[in-house]
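Single-structure report; data block below.
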Amino acid sequence: MTEDEKEHIQHIYRTHYQDIYQFLVFFTGDQNEAEDLTQEVFIRLFRSLSNYDGRSPLKLYILSIARYTAIDHYRKKSLNMSFQTIG
């Protein structure tokens, strides 16, 4: 990874972290879960950044990742709770 790429990633993170975190606090109602999910969002973003085509603002792309990350989290959480009630 070049220095320019590192700087670009840091800029994206600094620019969008707070908005994504606040969105996830609202979505989850839990600051700890929101922190964990925010980190997961940025991991997913940086893995998929080469797929971003620029047709929509980057913030919308990241919010979309955040929404699906939160939904995935709740699906897994719900599934785990279902198995716990069975056992």
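Small disclaimer: the values here were computed from a predicted structure and weren't measured.
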message = Which heavy atom of A34 sits nearest to which heavy atom of Y21, and what is that distance?
response = CB-CE1, 3.8 Å
Q31 CD: over 12 foreign heavy atoms closer than 6.0 Å = no
inquiry  = Using 0.5 Å steps for rounding, measure from the CD1 atom of I20 to the CD atom of Q22.
reply    = 10.5 Å
query = Closest heavy-atom contact between A66 and V41?
reply = CA-CG2, 3.4 Å
query = What distance separates I65 CD1 from F42 CZ, expressed to the nearest 0.5 Å?
reply = 9.0 Å
ask   = Between NE2 of H11 and CD1 of I9, what distance do you get to the nearest 0.5 Å?
value = 12.5 Å
From CD (E40) to CD (E33), nearest 0.5 Å = 13.0 Å
key: Co-membership, hydrophobic cluster, residues L63 and I43, 4.5 Å side-chain   = no
query = Is the backbone of E5 close enough, under 3.5 Å, to the side chain of T2 for a donor and an acceptor to pair up by distance?
reply = yes
inquiry  = Do I12 and F46 have side chains that approach each other closer than 4.5 Å (heavy atoms only, starting at C-beta)?
reply    = yes
message = For R14, is the CZ atom crowded, meaning more than 12 foreign heavy atoms sit under 6.0 Å from it?
response = yes
note = Taking every heavy atom of A70 against every heavy atom of L24, the minimum-distance pair comes out as CB-CD2, 3.9 Å
request  = Can you measure from CZ (R44) to CD1 (I62) and round to the nearest 0.5 angstrom?
outcome  = 14.0 Å
inquiry  = I'd like to know whether OH of Y68 has more than 12 heavy-atom contacts from other residues, nucleotides or ligands below 6.0 angstrom.
reply    = no
task = Report the distance from atom NE2 of H16 to atom OH of Y61, rounding to the nearest 0.5 Å.
result = 12.5 Å
task = Measure the acute angle between the ring planes of Y17 and Y13, then classify it against the limits of 30° and 60° as parallel, tilted or perpendicular.
result = tilted
